[in-house]
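First listed ligand is number 1; within each ligand, the first listed atom is number 1.
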Amino acid sequence: MLKDFQADYIVVGSGFAGATIAERIASKLNRKVLVVEKREHIGGNSYDYYDENGFLIHKYGPHIFHTEKKWLWDYVSNFTDWRHYIHRVLAYIDGKKVPLPFNLNSLYGLFPTPKALRLEKKLLEKFGPGQKIHILELRSAQDQELKELADFIYRKVFLNYTLKQWGMRPEELSPEVTGRVPIFISRDNSYFQDRYQGIPHEGYTRIFERMLSHPNIKVLLRTDAREIIQLDFLYRRIYLNGREFQGRIIYTGPIDELLDFKYGELPYRSLRFQLEVHPVEYYQEVAVVNYPNDYAFTRITEFKHLTGQAHPKTMIAKEFPQEYRRDEPGKDIPYYPILREDEVEKYMRYRREIEKFDGKILLVGRLAEYKYLNMDKAIEGSLVLFENKIK
Ligand code: FAD
Ligand code: UDP
């Protein structure tokens with residue numbers, strides 16, 4: 001079957017990074033692309049599907065598309081219409097549900113009004129309205145009451161959630177991880193402030209089907225690239241099923257795997273989702289409620305809020321963080337790179353090995369770049385790679 005398809009490019013992985021680069025090469029360069037995907041479906045971690053009850057479910061956790069960049073939004077809009085949706089998250093703290101990121105409304109939700117008034121004034125004076133502050137920055141405040149507030153937010157929002165999510169304390173991770181959820185000096189309850197936000201009208205998988213349904217693209221599912229591609233590091237040659245491959249590879253999988261873990265494994269964090277159907281129209285107020293301090297799960301997602309589906313019952317997913325084990329089914333999905341300085345150095349050693357292939361192997365996406373990328377950034381990485389290194 002493969003013999004009839006003479007690929008110019010092989011793309012490993014069919015998530016947003018892989019699908020975007022494959023789509024660009026096929027439609028803009030009119031070259032043939034073989035997309036190799038080890039799962040039984042396209043779409044990577046953004047994949048969604050309809051279950052037997054008719055619920056549209058995000059298999060790998062809640063995915064909300066958001067970006068500041070119009071050109072990026074326009075690119076994705078070639079493949080979908082959007083359901084207008086502004087993401088809101090509540091955090092369950094001391095028996096109350098308050099907005100997250102922690103903002104002025106959260107402050108009033110958790111403290112008696114006179115104290116909240118005082119704190120609001122101090123926050124506005126020190127940081128200014130509309131500012132987003134890293135928890136570490138708030139913790140370094142001199143004012144005693146602000147310091148106490150910082151300690152409160154650190155303990156009640158970040159510490160236990162991060163211990164559950166990563167098995168580590170916030171300060172053991174790169175500050176960019178907790179920096180994703182700032183303290184927001186505002187009354188705006190939305191989780192993201194990006195100008196463009198939405199949920200694809202017909203789901204994410206439909207986007208991938210449209211991106212990849214091009215006569216120049218062939219998708220090979222249930223195929224681990226390592227079964228069909230061999231790399232000769234000595235002579236810098238690539239083999240496809242034993243025959244030398246003259247084209248280029250765009251790799252979006254884990255980089256340590258590609259190099260047989262020669263510098264050791266890069267750490268990842270995995271997740272387990274527990275799906276539950278409840279015989280009520282709605283289970284909770286918003287799509288995502290975080291539980292920093294209670295239960296073993298970190299958050300509950302109720303999909304109907306995201307998808308806008310009407311249904312007399314509802315489906316929720318409880319999200320349990322777990323160790324990543326590449327040889328253990330159920331734990332073998334590398335959801336998150338664990339960003340720590342020494343690990344990033346290890347990653348760079350792997351990357352330098354790949355660079356020896358003189359551009360015949362290109363790396364893009366969350367796993368191959370070992371970065372905590374949102375969907376817009378994974379797409380952007382591929383669009384930039386296409387413009388700079390491929391076109
Ligand atoms: P992936 O989607 O991981 O795709 C990589 C693909 O490569 C996979 O399909 C994998 O099977 C395949 N692959 C790997 N190795 C091989 C191999 N050897 N052979 C063949 N195939 C291989 N982003 C947002 O913008 N908004 C959100 O709300 C959001 N929520 C998220 C929630 C969770 C729980 C998680 C984990 C991530 C979330 N993200 C979100 C991030 C989003 O999932 C990523 O940005 C996106 O999936 C990155 O795309 P990718 O193509 O780089 O990687
Ligand atoms: N975080 C936290 N408490 C929360 C939400 C987030 O401590 O209620 C921290 C935690 O370390 C988490 C990180 O901030 O991993 C990033 O959160 P985000 O919501 O961006 O996580 P994602 O949706 O990517 O899993």
Verify the ring-centre separation between Y291 and F297: is it less than 6.0 angstrom? yes

Taking atom NZ of K304 and atom CD of Q284, what is their separation to the nearest 0.5 Å? 12.0 Å

Could you tell me whether ligand 1 has any atom less than 4.0 Å away from a heavy atom of T223? yes

Would you call the rings of Y370 and Y347 parallel, tilted or perpendicular if under 30° counts as parallel and over 60° as perpendicular? parallel

Contact check: F192 vs ligand 1, nitrogen or oxygen atoms, below 3.5 angstrom: no

State if E257 counts as touching ligand 1 under the rule of any non-hydrogen atom under 4.0 Å. yes

Polar atom proximity, E37 to ligand 1 (N or O, under 3.5 Å): yes

Got an N/O contact under 3.5 Å between I64 and ligand 1? yes

Could you tell me whether K122 and E125 make a salt bridge, using a distance below 4.0 angstrom between a side-chain N and a carboxylate O? no

Indicate yes or no: does an N/O atom of D376 lie under 3.5 Å from an N/O atom of ligand 1? no

Cationic N near anionic O, under 4.0 Å, R210 to E23: no

Counting both backbone and side chain atoms, is some N or O of Y335 under 3.5 Å from an N or O of ligand 1? no

Under 3.5 Å between some N or O of ligand 1 and some N or O of L373? yes

Under the salt bridge (Lys or Arg N to Asp or Glu O under 4.0 Å) criterion, do E353 and K356 qualify, and how do the steps go? CA-CA 5 Å; E353 286 289 314; K356 291 182 189 160; 3.1 Å; yes

N/O to N/O below 3.5 Å, does that happen between G43 and ligand 1? no

Would you check whether D224 has a nitrogen or oxygen atom less than 3.5 angstrom from a nitrogen or oxygen atom of ligand 1? yes

Would you verify whether the NZ or CZ of R187 falls within 45 degrees of the ring axis of Y108 while also being under 6.0 Å from that six-membered ring's centre? yes

Considering both backbone and side-chain atoms of F16, is one of its nitrogen or oxygen atoms within less than 3.5 Å of a nitrogen or oxygen in ligand 1? yes

Salt bridge or not between R226 and D224? Use side-chain N to carboxylate O under 4.0 Å. yes

heavy-atom search around atom 23 (N) of ligand 1 in the protein gives M375 N, 3.3 Å

Closest to atom 20 (C) of ligand 1 (judged by heavy-atom distance), picking from K38, R366, H58: K38

The closest protein heavy-atom partner of atom 1 (P) of ligand 1 is N45 N, 3.9 Å

Can a non-hydrogen atom of F65 be found less than 4.0 Å from any atom of ligand 1? no

Ligand 1 atoms nearer than 4.0 angstrom to some heavy atom of G253 are 14 (C), 15 (N)

Does some non-hydrogen atom of P254 fall short of 4.0 Å from ligand 1? yes

Enter the distance from I238:CD1 to I10:CD1 here, rounded to the nearest 0.5 Å. 7.5 Å

At what distance is the nearest protein heavy atom to atom 32 (C) of ligand 1, and which residue and atom is it? P62 O, 3.5 Å

If you measure from each heavy atom of R299 to ligand 1, is any distance below 4.0 Å? yes

Can you confirm, on distance only, whether ligand 1 has an N/O atom lying under 3.5 Å from any N/O atom belonging to A17? yes

Pull out every atom of ligand 1 sitting under 4.0 Å from any heavy atom of Y60, numbered as shown with elements. 33 (C), 34 (C)

Heavy atom of V364 under 4.0 Å from ligand 1? no

Going from OG on S27 to CE on M211, what distance comes out if it is rounded to the nearest 0.5 angstrom? 9.0 Å

So do V364 and L362 actually touch side chain to side chain, heavy atoms under 4.5 Å? no

Contacts table for ligand 2: protein N or O within a distance under 3.5 Å of ligand N or O, distances only.
| from | atom 1 | to | atom 2 | distance (Å) |
| --- | --- | --- | --- | --- |
| ligand 2 | 3 (N) | V157 | O | 2.9 |
| ligand 2 | 7 (O) | V157 | O | 3.4 |
| ligand 2 | 7 (O) | F158 | O | 3.3 |
| ligand 2 | 7 (O) | T162 | OG1 | 3.1 |
| ligand 2 | 8 (O) | N290 | ND2 | 3.0 |
| ligand 2 | 11 (O) | T162 | OG1 | 2.9 |
| ligand 2 | 11 (O) | W166 | NE1 | 3.3 |
| ligand 2 | 15 (O) | W166 | NE1 | 2.8 |
| ligand 2 | 19 (O) | Y191 | OH | 2.5 |
| ligand 2 | 20 (O) | R180 | NE | 2.7 |
| ligand 2 | 20 (O) | R180 | NH2 | 3.2 |
| ligand 2 | 21 (O) | Y372 | OH | 3.3 |
| ligand 2 | 23 (O) | R299 | NH1 | 3.0 |
| ligand 2 | 23 (O) | R299 | NH2 | 3.4 |
| ligand 2 | 24 (O) | R180 | NH2 | 3.1 |
| ligand 2 | 24 (O) | Y372 | OH | 2.5 |
| ligand 2 | 25 (O) | R299 | NH2 | 3.0 |
| ligand 2 | 25 (O) | Y336 | OH | 2.5 |

Taking the six-membered ring for Trp, are H58 and Y204 parallel (under 30°), tilted (30 to 60°) or perpendicular (over 60°)? perpendicular

Heavy-atom nearest neighbour of atom 47 (O) of ligand 1 within options S46, G44, G15: S46

So which of H66, K371, H63 gets nearest to atom 38 (C) of ligand 1, if we judge by its closest heavy atom? H63

Are W73 and W71 connected into the same hydrophobic cluster when the rule is that any two of I, L, V, M, F, W, Y join if their side-chain heavy atoms are below 4.5 Å apart? yes

